[in-house]
Amino acid sequence: MSNIGIDLGTTNSLVAVVMGGRARCLLDDDGHAILPSAVRYTAEGTVVGFAALDDAAGHAATTLTSVKRFMGRSMDEARAEAAQLHYELAPPDDAAEEKVVRIQVGERLVTPIEVSAEILKALKERAEECLLGGVGGAVITVPAYFDDAQRQATRDAGRLAGLNVLRLLNEPTAAAIAYGLQERSQGTFAIYDLGGGTFDISILRLEDGVFQVLSTAGDTHLGGDDFDRLIAERLLQAAGVVGARGGALRAAMEAAEAAKRALTDADSTEINAQLGEVTAALTLTRAELDTLIRPLVDRTLSACKQALSDAQLSPSQIDGVVLVGGSTRVPLVRQVVQEFFGRPPFSDIDPDQVVAIGAAMQADILSGESELAEDVLLMDVVPLSLGLETMGGVVEKLIWRCSPIPSSASQTFTTHVDGQTAVAIHVVQGEREMARDNRSLARFKLGGIPPMPAGLPRVEVQFMVDANGILTVTATEQYTGKQSNIEVVPSYGLTDEQIEEMLETSIDAAETDVDERLLVEAKVEADQILRAVEKALASDAALVQEDELSRIQAVVTDLKSAMDAQERKKISDLSKKLDEVTAPFAQRRIERDLQLALQGQSALEVAERLDRSTI
């Protein structure tokens, strides 16, 4: 069986394999290497690729394109682009349902993960038809600036498609592998990757089989689709069409893309499109196109400057620039890149295919039987800093952006409330100083901490980023050894359980399972607290003040009622409240035991009694 490399793109996707020591993209029956990243949902099932684009304007609501933009994104983040789509995003049921983007396709709802899985299935089937031995594992590429949520979503899509995902590989790194191994080049290179929906710039050093990523920067919402949108807006404006949606918007976007391609070689082009009942016609010159898209192209240079700064290099220290992505065919893009780096960019390998070719090479290397290179070492980096939310909402960064991966870091924290028996871990990603301004990746709780005065417990939190750029967080209370860990699955991605459930039912059922698990955890923790409180009241009732006892009993009653009613949030809130109202009682028990120590009891006897006194 052969390992394959897949470039899962916003506009087009490809699959490649190494044969006879050479990587090549696999073709469909019509000789096409690319598979349009388009999926149409019909009553009979799904249609993918070129067939999905046939009369897409006539089936705009059920033909989904550019869904990569929404991978790993929340509904709140996606809503800003909703007006620019020819299909409909489903409204969330309530605030809690804004975790996963859902697309309305007739009577059903689909997620970007499911749509991407259909594209990956089609590529897998193409590979199986071409490879007699079948498909082994797959390396799938992602934009270098994809955060943890987006990487998790991509991996989930691969698994849902039935692929054994060997590794997620940054697209610029894949291009560097393709160029470095195929051309046997050495030096420091800039990989300028402008695709349909994302832009990445990575600075890599290639030397003696070592591929070291020095820095990366980019924009996950900038690409050729944005060029098309500007042309489409110009066309709609010329035709006097306001607020185009559905088929009219799709037709305008198709005409815009065709015009953009035509202006790669021509100085001007005629655009004609049927926008519903309106026929639109426009002459567009290359100079006019350059004026339209210049601000977007300039945005790519800001990221280039950031990447060079992080690598502590100047443009003159770059040995070569490799162009990746179909949008780099736009003449203005090539002109701007050449002016910025002071040298013509390389174009030896087809920019549409170079990422898939590099992914196939990496997949071949992972097979252990590669004919391409021996002792190849790939050193990638973390695209965005990873940290924890601390007191006041401030971020404590543990792993900084551009740290090489695999990578790990740890730091010790403590509690800020007396008697605190659990700590909430909030993992965030980004460069801002406040947690609210960064990307929330995950939240989990470490319980079982002995109730001690604030500042005494020691909780070590360790971050580990694997070769895929996927984060695992482990929290350990050092006195007891109590440990909790989580492979960070963002709230807008899918858990392992949810993926399996989706194969049989739907994402909604999986989310219900998650809610149920959280309820069970809350009830278990509350039950432990109740038993401890009731035991302490029975043994030391004389230390409880009358008004204090009534407050404790009221909270105990409310907590038991919440547990019977299966109200998870109320259970958690009342458990915390019970900790608070019993804190004075616990303090008096400790003081009583210390007084006994002064009356001549041994230190061991006092320690044993203190152990029995914890609530």
Side-chain angles (χ1 to χ4, degrees), residues 5 7 16 22-25 141 143-145 169-195 198-219 223 264 297-362 365 372-373 376-381 383 402 404:
D7 174 10
R22 192 79 175 175
R24 66 182 184 88
C25 288
T141 61
Y145 228 53
L169 182 65
N170 286 346
E171 291 166 1
T173 307
I177 290 174
Y179 183 83
L181 288 183
Q182 193 152 302
E183 304 300 326
R184 306 295 177 184
S185 298
Q186 305 286 325
T188 302
F189 295 88
I191 315 298
Y192 183 100
D193 183 356
L194 185 60
T198 60
F199 169 70
D200 287 306
I201 176 70
S202 291
I203 309 300
L204 298 95
R205 180 170 292 130
L206 314 182
E207 186 175 5
D208 298 328
V210 177
F211 293 75
Q212 182 180 6
V213 181
L214 303 180
S215 64
T216 187
D219 189 331
T264 298
V297 177
D298 286 344
R299 275 172 57 187
T300 70
L301 297 185
S302 297
C304 292
K305 293 173 184 176
Q306 179 65 58
L308 287 170
S309 175
D310 290 340
Q312 299 182 344
L313 295 171
S314 65
S316 62
Q317 293 174 289
I318 299 299
D319 296 311
V321 182
V322 179
L323 295 181
V324 181
S327 296
T328 60
R329 287 192 169 90
V330 174
L332 178 66
V333 172
R334 296 195 173 216
Q335 174 190 328
V336 167
V337 170
Q338 179 170 337
E339 291 172 353
F340 180 80
F341 287 99
R343 66 188 69 245
F346 293 117
S347 55
D348 299 354
I349 306 176
D350 186 335
D352 280 323
Q353 298 188 18
V354 65
V355 168
I357 288 172
M361 291 178 171
Q362 178 65 17
I365 291 168
L372 291 172
V376 172
L377 177 63
L378 175 59
M379 298 175 64
D380 224 323
V381 296
C402 294

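Computed from heavy atoms alone, side chains included, the values below leave out hydrogens, waters and symmetry copies.
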Closest non-hydrogen atom pair between [X] and [Y], with its separation:
{"X": "G325", "Y": "D352", "answer": "C-OD1, 4.2 Å"}
{"X": "G223", "Y": "L194", "answer": "CA-CD1, 3.9 Å"}
{"X": "S215", "Y": "A307", "answer": "OG-O, 2.6 Å"}
{"X": "A174", "Y": "A359", "answer": "CB-N, 4.0 Å"}
{"X": "I201", "Y": "A190", "answer": "CD1-CB, 4.1 Å"}
{"X": "V321", "Y": "F341", "answer": "CG2-CG, 3.5 Å"}

query = Is any side-chain heavy atom of P172 less than 4.5 Å from a side-chain heavy atom of F189?
reply =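 In short, these two side chains do not touch, never coming nearer than 4.5 Å.
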
message = Would you say that D350 contacts R329 through its side chain, given a criterion of any heavy-atom pair below 4.5 Å between the two side chains?
response =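 They are in contact (side-chain heavy atoms under 4.5 Å apart), so the answer is yes.
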
request  = Verify side-chain contact (heavy atoms from CB on, under 4.5 Å) between Q317 and T188, making sure each step is shown before the conclusion.
outcome  = CA-CA 8 Å; Q317 293 174 289; T188 302; over 6 Å; no

Distance from [X] atom [atom1] to [Y] atom [atom2], nearest 0.5 Å?
{"X": "L332", "Y": "S327", "atom1": "CG", "atom2": "OG", "value": "12.0 Å"}
{"X": "I203", "Y": "Q212", "atom1": "CD1", "atom2": "CD", "value": "12.5 Å"}
{"X": "I177", "Y": "L206", "atom1": "CD1", "atom2": "CG", "value": "9.5 Å"}
{"X": "M361", "Y": "R22", "atom1": "CE", "atom2": "CZ", "value": "6.5 Å"}
{"X": "L204", "Y": "I191", "atom1": "CG", "atom2": "CD1", "value": "5.5 Å"}
{"X": "L308", "Y": "L313", "atom1": "CG", "atom2": "CG", "value": "6.5 Å"}

task = Give a yes or no answer on whether the side chain of R343 reaches the backbone of I318 with a donor-acceptor pair at less than 3.5 Å.
result =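 Side chain of R343 to backbone of I318, a donor-acceptor pair under 3.5 Å: yes, one is there.
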
query = Which residue pairs pass the salt bridge (charged side-chain N to carboxylate O under 4.0 Å, His left out) test with at least one member in residues 306-328, sequence neighbours excluded?
reply =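 Found D310-R401.
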
request  = Decide side-chain contact (heavy atoms from CB on, under 4.5 Å) for N170 and T141; before the verdict, give the C-alpha distance in whole Å, the side-chain angles of both, and the deciding distance to 0.1 Å.
outcome  = CA-CA 5 Å; N170 286 346; T141 61; over 6 Å; no

query = Are there more than 12 heavy atoms of other residues, nucleotides or ligands under 6.0 Å from atom CZ of R205?
reply =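 No, CZ of R205 has 12 or fewer neighbouring heavy atoms, counting only those of other groups under 6.0 Å.
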
ask   = Do Y192 and T328 have a side chain donor and acceptor closer than 3.5 Å?
value =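 Result is no, nothing qualifies.
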
ask   = Would you say the side-chain atoms of Q306 and S309 include a donor-acceptor pair closer than 3.5 Å?
value =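 Looking only at side-chain atoms, S309 and Q306 do not form any donor-acceptor pair under 3.5 Å.
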
query = Given the rule in the side-chain contact (heavy atoms from CB on, under 4.5 Å) test, do L323 and R334 qualify, once you have shown the distances and angles that lead to the verdict?
reply = CA-CA 9 Å; L323 295 181; R334 296 195 173 216; 3.8 Å; yes

request  = Among V354, T173, V324, find the one that has a side chain to side chain contact (heavy atoms under 4.5 Å, CB included) with D193.
outcome  =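 The option that passes is V324.
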
query = Taking it one step at a time, do K305 and F340 satisfy side-chain contact (heavy atoms from CB on, under 4.5 Å)?
reply = CA-CA 10 Å; K305 293 173 184 176; F340 180 80; 3.8 Å; yes

